[in-house]
Amino acid sequence: MTSHVAGRDHDIAIVPSWPAPARVRAYSTLRTGGVSDGGYASLNLGAHVGDDPVRVAENRRRVVERLGLPSEPCWLEQVHGKHVLDLAPEPWADGVGADPGPRPGLGPADAAVTSRPGVVCVVLTADCVPVLLTDRAGRRVGAAHAGWRGLAGGVLPAAVDALGVPPDDVLAWLGPAIGPRAFEVGDEVRAAFAEQGFAVDRAFDRNARGRWQADLYALAAESLRRAGVSAIYGGDRCTFTEADRFFSHRRAAPCGRMASLIWIE
């Protein structure tokens with residue numbers, strides 16, 4: 001089964017190219033098409049980065065309207081951890097126009113899953129890897145925010161486990177993130193993954209400055225494989241170098257955030 005929108009990009013978002021069932025809808029927004037300016041220009045969807053809240057609310061309204069979302073996305077308070085929320089529809093049944101901040105009472109979380117049609121899981125990123133998940137039948141979906149701290153801490157195995165389906169039945173799509181040629185880190189980052197048993201020799205290359213070029217996509221894929229997921233797609237963009245399409249915290253901070261969204265119709 002292939003998605004009825006796979007391979008065709010929307011004007012404000014990327015449509016994942018992956019064999020998700022037709023009832024699963026997913027997008028990853030671009031930085032264009034909104035009303036913010038300066039470093040947030042123009043479709044900033046992050047309410048926590050210093051942008052005008054009124055503009056953020058309008059940007060979010062545009063995403064809901066132009067992508068045909070069934071409800072207001074369930075915005076999370078992301079903290080680079082591994083907590084996963086299993087979303088029920090009732091707290092988010094208020095439709096478009098809700099407060100642009102994280103939903104009150106949710107607490108910090110870096111991933112969300114659901115089995116309820118019309119509930120939109122979402123994560124915000126500007127270099128970290130957004131990971132969208134579904135089972136092959138489209139009964140469960142999820143979204144995870146995977147920066148290096150979250151990856152080392154186990155956010156992706158936690159999200160896969162929260163789906164509650166056999167891992168070999170899971171499809172994963174890796175959305176726009178910083179590429180390995182642009183992501184320079186220190187010894188402590190490599191050590192954090194080495195301590196967790198990752199194949200660091202494949203994901204880290206020593207550069208001329210004595211630091212490391214880290215491949216977040218390779219680390220995310222390895223984390224998913226270790227969790228039992230083998231059907232992995234995406235992972236071919238770079239938020240740092242594609243400045244006209246994506247925000248990048250490494251390239252220019254403060255900056256806006258893109259959203260990666262998934263739901264069941």
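Cluster annotation: Y217 and W18 are assigned to distinct hydrophobic clusters (Ile/Leu/Val/Met/Phe/Trp/Tyr, side-chain heavy-atom contacts under 4.5 Å, transitive). In the hydrophobic clustering of ILVMFWY residues, with side-chain heavy atoms under 4.5 Å counting as a link, V131 and F183 come out together. Side-chain heavy atoms closer than 4.5 Å link hydrophobic residues (I, L, V, M, F, W, Y) into clusters, and following such links, possibly through other members, connects V200 to V129. The hydrophobic clustering, which links ILVMFWY residues whose side-chain heavy atoms are closer than 4.5 Å, places I262 and L163 apart. Clustering ILVMFWY residues whenever any of their side-chain heavy atoms sit less than 4.5 angstrom apart, transitively, puts W263 in the very cluster that holds L124.
Side chain of D127 to main chain of H249: a donor-acceptor pair is present (N/O by atom type, distance under 3.5 Å, no hydrogens or angles). Side-chain N or O atoms of Y233 include none that pairs as donor or acceptor with a backbone N or O of P19 at under 3.5 Å. The closest donor-acceptor contact from the side chain of D51 to the backbone of Y40 lies at 3.5 Å or more, if one exists at all. In this structure, R31 contributes its side chain and A243 its backbone to a donor-acceptor pair below 3.5 Å. Judged by distance alone, the side chain of S115 and the main-chain N or O of R140 form no donor-acceptor pair under 3.5 Å.
Using a 30° and 60° split on the angle between ring planes, W212 and F204 fall in the perpendicular class, above 60°. Between F198 and F193, the ring-plane angle classifies as perpendicular under the 30° and 60° cut-offs.
Around CZ of R181, the count of heavy atoms belonging to other residues, nucleotides or ligands within 6.0 Å does not exceed 12.
Residues E222 and R202 are not paired through a salt bridge, judged by the lack of any N-O separation under 4.0 Å between the basic side chain and the carboxylate. Taking the charged nitrogens against the carboxylate oxygens, R206 and D187 do have a contact shorter than 4.0 Å, which makes a salt bridge. Using a 4.0 Å cut-off between charged nitrogen and carboxylate oxygen, D205 and R190 do not count as a salt-bridge pair. Salt bridge annotation for E58-R55: absent, with no cationic side-chain nitrogen under 4.0 angstrom from a carboxylate oxygen.
The residue from L30, T32, N59, L43 that alone fulfils the side chain to side chain contact (heavy atoms under 4.5 Å, CB included) condition with I12 is L43.
Under a cutoff of 6.0 Å and an axis angle of 45°, R251 and F246 do not form a cation-pi pair.
Partners of H80 under the side-chain contact (heavy atoms from CB on, under 4.5 Å) rule, at least two apart in sequence or in another chain, are C128, H145, R149.
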